[in-house]
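Reading through the structure tokens given below for one structure.
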Amino acid sequence: MLTIPFDRQEWLGEKAASVIFNQTKGAVYGKKNVLRNYKDSVFRMLYRDKRELLQLYNALNGTDYQDPDGLEVYTLENAIFMNVKNDVSFLLNSELNLYEHQASFNPNMPLRDLIYITRQLERYVMEESLYSSKLIRIPAPRFVVFYNGTANQPERKVLKLSDAYEKKTSSPELELQVLMVNVNFGQNEELMQKCRTLRDYSLYVHRVRTHAKHMPVADAVRLAVDECIHENILSDFLRTQKAEVIAMSIFEYDEEEELKKIRRDEYELGWEARAMQEQEETTHRLIQKICKKLSKGKTVEQIADELEEEPALISRLCAIAAVHAPACDCDQIAAGLGISESSETTPSPEA
């Protein structure tokens, strides 16, 4: 079953970069709207073809199936995912294979696939009774992610649902494993040799990224497409789907760059939050030490000397602590110090 759960939008030949037709909303004009609304990918387009899909399956599993019609293909409507979806799903040899392409590493793939396979199996057993005494046979699910992001990842990696469990167990009663295969240029050479379409796709993406370092992404995509056609790399596919592939590749590259920016911002925000938390913890430790020394009758000068802190800071903390004595409430004392004042002088973490 070929699962392509995206808005049914058909590109109109050479007008693909400016006009898109949506079966439910009609025509939407303008390049900006097209790139925002289009939810397909070059990878998904390539593997709509049963012959290509069967070649990929054989290369991955070491099999030699020859009849593409042996693939049972259908579409799951109303997908629960917004932008990233199971790109290719098919039934072969009593196996339900879910293939997905990812341009960025996603550790949540096992959870996503669990939700997705549940929906698929619901449809599969729709006409069966789950309360029957007869065992209902279902296909064995297999999950594969084809990764070609720019972050370093091993050639193969197994992602497990149990990795997300808050409470770890040696034998999880519910497990789901996803095989992540790195299909970047230069990775998994043996697999690439067995599947020319995957190899050519990897090379095409590599060309786009290489050219995009030196020119606008739109020019990089067009140049990569022309080069690949000339060098017999996905040539038939690119020649017949040229306008659509160009528009789609520009969108995919822009989306990939935007995700990088978002992750960079998230990292910076996380770093700032960790720095603030560490400063608060350091301040609390200092207050606790001051309270102990005050309880022993130490003066401000003695405490500042022993803790090797600025006398002005120790004086302010001692004055606030005296207000709350005999209790030593670190939160109240720190609040009394004030955020702006506490950030002026960062206390040393150790006495």
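Note that this is a predicted model, so its numbers are computed, not measured.
Taken to the nearest 0.5 Å, the CG atom of Leu56 stands 12.0 Å off from the NZ atom of Lys194. Note that CG of Leu198 is 4.5 Å distant from CE of Met192, once rounded to the nearest 0.5 Å. Going from atom CG of Asp113 over to atom CD of Gln177 covers 12.5 Å, rounded to the nearest 0.5 Å. Taking CD1 from Ile233 and CZ from Arg196, the interatomic distance works out to 8.5 Å, rounded to the nearest 0.5 Å. Here the straight-line distance linking atom CD1 of Ile314 with atom CD of Glu306 works out to 10.5 Å at 0.5 Å rounding. Once rounded to the nearest 0.5 Å, the distance linking NZ of Lys298 with CD1 of Ile303 reads 7.5 Å.
Aromatic pair Phe90/Tyr99: ring centres closer than 6.0 Å.
Proximity of Val42 to Leu234: side-chain heavy atoms (C-beta onward) are nowhere separated by under 4.5 Å. Inter-residue side-chain proximity for Phe105 and Lys157 is flagged as met; some heavy-atom pair is nearer than 4.5 Å. Under the 4.5 Å side-chain criterion, counting only non-hydrogen atoms from C-beta, Met248 is not in contact with Gln241. Under the 4.5 Å side-chain criterion, counting only non-hydrogen atoms from C-beta, Val181 is in contact with Val183.
Panel note: side chain Asn182, backbone Gln187; no donor-acceptor pair is recorded below 3.5 Å. Judged by distance alone, with hydrogens and angles left aside, the side-chain atoms of Thr118 form a donor-acceptor pair with the main-chain N or O of Leu114 at under 3.5 Å. Lys296 contributes no side-chain N or O that, together with a main-chain N or O of Cys291, makes up a donor-acceptor pair within less than 3.5 Å. When atom types are taken as modelled, the side chain of Asp49 and the backbone of Arg51 share a donor-acceptor pair closer than 3.5 angstrom. The backbone N or O of Phe185 lies less than 3.5 Å from a partner atom in the side chain of Ser202, making a donor-acceptor pair. When atom types are taken as modelled, the side chain of Thr240 and the backbone of Phe237 share a donor-acceptor pair closer than 3.5 angstrom. Not one N or O on the side chain of Thr63 forms a donor-acceptor pair closer than 3.5 Å with the backbone of Tyr65.
Looking at every heavy atom in both residues, Gln153 comes nearest to Met180 through OE1-CE, 3.7 Å. Listed here is the closest heavy atom pair of Pro141 and Phe143: CB-CZ, 3.7 Å. Heavy-atom minimum distance, Thr210 versus His214: O-CD2, 3.4 Å. The two residues Arg156 and Leu60 make their nearest non-hydrogen contact at NH2-CD1, 4.1 Å. Shortest non-hydrogen contact noted between Ala224 and Val208 is CB-CG2, 3.6 Å. In terms of heavy-atom proximity, Pro68 sits nearest to Leu54 at N-CD2, 3.7 Å.
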Intermediate values then yes/no, side-chain contact (heavy atoms from CB on, under 4.5 Å), Tyr204 and Val245: CA-CA 11 Å; Tyr204 166 70; Val245 169; 3.6 Å; yes
Criterion side-chain contact (heavy atoms from CB on, under 4.5 Å) on Asp200 and Asn232, from CA distance to verdict: CA-CA 9 Å; Asp200 286 0; Asn232 197 28; over 6 Å; no
Residue pair Lys242, Asp226: steps toward the salt bridge (Lys or Arg N to Asp or Glu O under 4.0 Å) verdict: CA-CA 9 Å; Lys242 186 173 182 179; Asp226 290 340; 3.0 Å; yes
Stepwise side-chain contact (heavy atoms from CB on, under 4.5 Å) check, Leu203 with Arg199: CA-CA 6 Å; Leu203 185 55; Arg199 183 201 68 185; 5.8 Å; no
side-chain contact (heavy atoms from CB on, under 4.5 Å) assessment of Thr150 paired with Arg209: CA-CA 9 Å; Thr150 55; Arg209 288 174 176 167; 3.9 Å; yes
Trace of the salt bridge (Lys or Arg N to Asp or Glu O under 4.0 Å) decision for Glu175 with Lys160: CA-CA 7 Å; Glu175 183 63 283; Lys160 297 180 179 181; 5.3 Å; no
Working for side-chain hydrogen bond (donor to acceptor under 3.5 Å, both in side chains), residues Asp219 and His211: CA-CA 8 Å; Asp219 294 337; His211 295 325; over 6 Å; no
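For the residue pair Glu190 and Asn188, no side-chain donor N or O sits within less than 3.5 Å of a side-chain acceptor on the partner. Looking at Glu100 and Gln102, their side chains do bring a donor and an acceptor atom within 3.5 Å of each other. Looking at Glu95 and Tyr57, their side chains do bring a donor and an acceptor atom within 3.5 Å of each other. Under the 3.5 Å distance criterion, with hydrogens and angles disregarded, no donor-acceptor pair is assigned to the side chains of Asn184 and His206. For Asn106 and Tyr147, the side-chain atoms include no donor-acceptor pair closer than 3.5 Å.
Grouping the Ile, Leu, Val, Met, Phe, Trp and Tyr side chains by contacts below 4.5 angstrom, directly or via other members, places Leu159 with Leu174. Residue Tyr131 is not grouped with residue Ile136 when hydrophobic side chains (ILVMFWY) are merged at heavy-atom distances under 4.5 angstrom, including chains of intermediate members. Tyr116 and Leu176 fall within the same hydrophobic cluster, defined by Ile, Leu, Val, Met, Phe, Trp and Tyr side-chain heavy atoms under 4.5 Å apart, directly or through other members. A chain of hydrophobic side-chain contacts below 4.5 Å, direct or via other Ile, Leu, Val, Met, Phe, Trp or Tyr residues, connects Leu130 to Tyr124. A single hydrophobic cluster is not seen to contain both Val225 and Leu223; linkage of ILVMFWY side chains at heavy-atom distances under 4.5 Å, directly or through other members, places them apart.
When each of Thr197, Leu92, Leu71, Leu46 is checked for a side-chain contact (heavy atoms from CB on, under 4.5 Å) with Leu53, only Leu71 meets the rule. The side-chain contact (heavy atoms from CB on, under 4.5 Å) test with Met109 singles out one residue from Leu98, Val145, Leu179, and that residue is Val145.
Crowding of Asp67 atom CG: a count of heavy atoms from other residues, nucleotides or ligands under 6.0 Å exceeding 12. The number of heavy-atom neighbours closer than 6.0 Å to NZ of Lys168, taken from other residues, nucleotides and ligands shown, is above 12.
Looking at Arg207 and Glu231, a side-chain N of the basic residue comes within less than 4.0 Å of a carboxylate O on the acidic one, giving a salt bridge.
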